[in-house]
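In what follows, a single structure is set out as structure tokens and then discussed.
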Amino acid sequence: MSESASRPRDFIRDMIDADLASGKHTGVVTRFPPEPNGYLHIGHAKSICLNFGLAEQYGGRCNLRFDDTNPAKEDQEYVDSIAADVRWLGFDYGPEPLFASDYFEEMYQIAIKLIREGKAYVCDLNDEEIKEYRGSLKEAGKHSPYRDRSVEDNLDLFTRMRAGEFANGAKVLRGKIDMSASNMKMRDPLLYRIRHDEHHRTGDAWPIYPMYDYAHPLEDAIEGITHSICTLEFENNRELYDWVVDNAGLPCKPEQTEFARLGLDYTVMSKRKLLQLVEQGHVSGWDDPRMPTIAGMRRRGYRPEAIRRFCDMIGVAKNNSVVDIGKLEFAVRDDLNQIAPRVMAVLRPIRLVMSNYPAGKSEQLVAPYFPADIGKPGERELCFDRELYIEADDFAEEPEKGFRRLAPGRWIRLRYGYCVRCDEVIKDDAGKLQEIRCTYDPATLAGEGPAGEKVWGVIHWVSARHSLPAEVRIYDRLFKAERPDAGDNFLQHINEDSLHSRIARVEPSLASDSADTHFQFERQGYFVKDSVDSSSTGLVFNRVIGLRDSWNKQSTESEAATTPTAKSARSATRPKSRSKAEIRAGARERHPVLAERFARYQEQGLSEGDADLLSGSPAWGERLETLLGAGLSIDVAAKWLIHEQPREQDEPIVFASEPAEFVALVQAAEGRISTAAARKLWAQLAHEKGSAESSIRDQGLEQRSDDASILPLVSAAIAAHPDKVAAYRGGKEALLGFFVGQVVRESKGAANPEAVKALLAAELAK
RNA sequence: UCGGGGUUCGUCUAAAGGCAGGACAUCAGUUUUUGGUACUGACUAUAGAGGUUCGAAUCCUCUACCCCGAACCA
């Protein structure tokens, strides 16, 4: 709890801090509740890092709980893969994960309790009828004809549902809440449905299964969850969540908080779309290295450290956001840079022969695994002999400007080896480059270049005779469009060219290194052996991610045109709901008293806007009249009311203190006390009975504006921040506000900010 | 009878009513036997309009735009 400085801050952690500080909670218990109906993806990783991270940070606990309440979709395969992925990411959920299905009996008993209390009923409407009775976004629903069944009948029917007497869909259990609620979730929600399905854990023990909105809050309450964190699309469900928690009769009262799910550009994230990619064969499986799944990223070679770092970098908030994929790539490179031994591999080999190097000779050169700036130990031997392979891209017969590699007549250094000069190129009949002939300089191994010659660059190489062939798979992004799911068919944006496989030549040491070593192929990128296809007889490497490349960049730019974010048909046709102004106008139409006020307030000098607000509902006008009656002028009363009066649901709360106190306060604000203090005091007096005069006295609000009493504070503030003083004098005038704030705070609000400002400006100018 | 959320550099994200900060990206430069790394610098933002205030990203009003909600899915 004390390492907060290095921890990411966000609104959820702020909330938990407040809950702990207020004593609302003494500890933190969270949960990650996947439904076992698909593989985990990077979006889940954000949630996992949040929930488990919170538990770690606050010394609490995070449960991995499978929300397995729909037997038709769920499967043990998914349970296993999800549990493995969470472990792999590095989080501890204890010896075994938890299952919602373990609470089925308890949930059933709570349903019986709800029925006994008249809060739930069995409904015989079929699905179309239920939908019809539910009404629409703009119209209230109507009561089910079965809503008023007796408790006895409900109990009997529900017991028989549980006993398996009824067919799928014949009956449901519904909460009896409010068919006219503006939140559709509250219109007598379904609690249980009949499903004669084999469940992956409970088998055929249950013919009825609880719905998410009923089951989830109970699962949380049963497990003693304090903070139930989910994504934004569940905001509408929160009211029902609270209803279930309040009526369950369980001691624990968890609360739901929503945050924005992760969006990543150039990828899709929904389970449905991912499943489609797998089933239609656009990828080789859930663990295809191009997939945004945890399994895919693992196989691709991303490490859990990188994924967690990425999750820390993106933060947690409520904005709908789409993160730049480059941020993930940065996290992956940054992680691998620290740990990947450097080796050499030639991806597109071209033969280089050193004419002056003896034919039978071979040297063992020693090369370190890490560059000096990484500073890690380790080295291996390299075979250097007459014939080598170098990268085809590292040679140009006619080099363009800025090309710092091999070309006819130029010297370059072979990494960890000698410098060579290109003397001639050998081509076949078709004019295709076959071989590069060079001269090597035996004096250049230690570090010196050839005497008097410019060395154009350093390139990597392998021995032609001693190097090994290896398949190398280069991945590009799966989609060409920045927002593949913006339109109606994400598949049209698939990048058909997202996988390149070729046979490379690698240094022999790679054959014997362990299967999960991440390498950097120098000047190329990071690579790891493919966990499925690589073997000692056939090496297969995946490119995890390329190195940053400021030379080749322009040629690898992907499709520039971003698909315009097609407005969903839904939101385009969605009618506007009434604004607050329209609601107020409507109120005036219905109530002549309000209309009369609207006219009168304007006659008395209020602006139309202020008059509108104060005549928009009865309560506003009543507060205003009260203040007027106590002797305030209408413009002053309106100003304070509109800006300072505390509200609940947009309605002003009832004055707790006598109207005369507000008048006294307003008078004091003429100069005796600061505006800021007056504003706080107004809220205070509105909330609880009090006296303006004694509050001013007790809280020491009396304002001081004489130079003599504020000069010491001003001088102290100036002395305490020499750097800011310098910046201010250097032209950063916004700092004046900073100093005013310092002085005012130091005086506990008593120093008159205007006087402070003037004095400060004078002192700072000296 | 519609309701619930949201809008700060290109992107993500910070700022008890008082310094608009950080990261990624981009562009320069330094170092470099990786066109890597590291380091330095530059760049660019409070959706719009009014108001309250000594002072507004933050409070009030209006407007605009985006997301979610009418599954016996979660």
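Being a predicted model, the structure only gives us computed values, none of them experimental.
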Need to verify one output field. Residue with the more 5' nearest nucleotide on RNA chain B, A:Asn337 or A:Asp68?
A:Asn337

Would you indicate what [X] reaches in the nucleic acid, counting non-hydrogen atoms under 4.0 angstrom: base, sugar-phosphate, or nothing?
| X | value |
| --- | --- |
| A:Asn168 | nothing |
| A:Ser136 | base |
| A:Leu240 | nothing |
| A:Glu35 | sugar-phosphate |
| A:Phe330 | sugar-phosphate |
| A:Arg272 | nothing |
| A:Val316 | sugar-phosphate |
| A:Asp373 | base |

So, [X] and [Y], do they make that salt bridge, N to O below 4.0 Å?
| X | Y | value |
| --- | --- | --- |
| A:Lys185 | A:Asp213 | no |
| A:Arg13 | A:Asp10 | yes |
| A:Arg523 | A:Glu391 | no |

Using the [atom1] atom as the point on both nucleotides, what is the distance between [M] and [N], in whole Å?
| N | M | atom1 | answer |
| --- | --- | --- | --- |
| B:A70 | B:A20 | C1' | 42 Å |
| B:A25 | B:U37 | P | 9 Å |
| B:A14 | B:A42 | C1' | 22 Å |

[options]: which one has an atom nearest the side-chain heavy atoms of [X]?
| X | options | answer |
| --- | --- | --- |
| A:Asn70 | B:A74, B:C12, B:A15 | B:A74 |
| A:Val323 | B:C12, B:A70, B:C62 | B:C12 |
| A:Asp127 | B:C72, B:U61, B:G35 | B:C72 |
| A:Ile314 | B:C12, B:C2, B:U61 | B:C12 |
| A:Lys185 | B:G69, B:U61, B:U34 | B:G69 |
| A:Arg415 | B:G36, B:U34, B:C72 | B:U34 |
| A:Ala317 | B:U34, B:C73, B:A14 | B:A14 |
| A:Ile642 | B:C60, B:U33, B:C62 | B:C60 |
| A:Ala581 | B:C62, B:U13, B:U33 | B:C62 |
| A:Asn236 | B:U7, B:C72, B:G4 | B:G4 |

Between A:Phe519 and A:Phe527, is the ring-ring contact (aromatic ring centres under 6.0 Å, His included) condition met? List the steps.
CA-CA 5 Å; A:Phe519 296 98; A:Phe527 292 79; 9.3 Å; no

If I compare all heavy atoms of [X] with all of [Y], which pair ends up nearest, and what's the gap?
| X | Y | value |
| --- | --- | --- |
| A:Cys123 | A:Ser144 | SG-OG, 3.2 Å |
| A:Ile82 | A:Pro34 | CG2-CG, 3.8 Å |
| A:Arg195 | A:Ala72 | NH1-CB, 4.3 Å |

Interatomic distance, [X] [atom1] vs [N] [atom2] [rounded to whole Å]:
| X | N | atom1 | atom2 | value |
| --- | --- | --- | --- | --- |
| A:Glu233 | B:G6 | CD | P | 15 Å |
| A:Leu232 | B:G5 | CG | P | 10 Å |
| A:Lys271 | B:A71 | NZ | P | 20 Å |
| A:Asp312 | B:C24 | CG | P | 14 Å |
| A:Lys724 | B:A20 | NZ | C1' | 12 Å |

What do you reckon, do A:Phe738 and the base of B:G18 stack, with centroid distance below 5.5 Å and planes below 30°?
no

Angle between ring planes, A:His44 versus A:Phe32, binned at 30° and 60°: parallel, tilted or perpendicular?
perpendicular

Would you mind building the protein contact string for nucleotides 52-59 of chain B? One character per nucleotide, 5' to 3', B for base within reach (heavy atoms under 4.0 Å), S for sugar-phosphate only, - for untouched.
SSBSB---

Have a look at A:Tyr192 and tell me which of A:Phe158, A:Tyr209, A:Trp206 forms a ring pair (Phe, Tyr, Trp, His ring centres under 6.0 Å) with it.
A:Phe158

Is the Lys NZ or Arg CZ of A:Lys724 less than 6.0 Å from the centre of A:Phe738's six-membered ring, within 45° of the axis?
yes

Is the charged tip of A:Lys454 near the ring of A:Trp456: under 6.0 Å from the six-membered ring centre and within 45° of its axis?
yes

With salt bridge (charged side-chain N to carboxylate O under 4.0 Å, His left out) as the test, pick out the partner of A:Asp394 among A:Arg404, A:Arg413, A:Arg405.
A:Arg405

Consecutive-pair stems (at least three Watson-Crick or G-U pairs, under 3.5 Å) that include RNA chain B
B:2-7 with B:64-69, B:10-13 with B:21-24, B:26-30 with B:38-42, B:47-51 with B:59-63

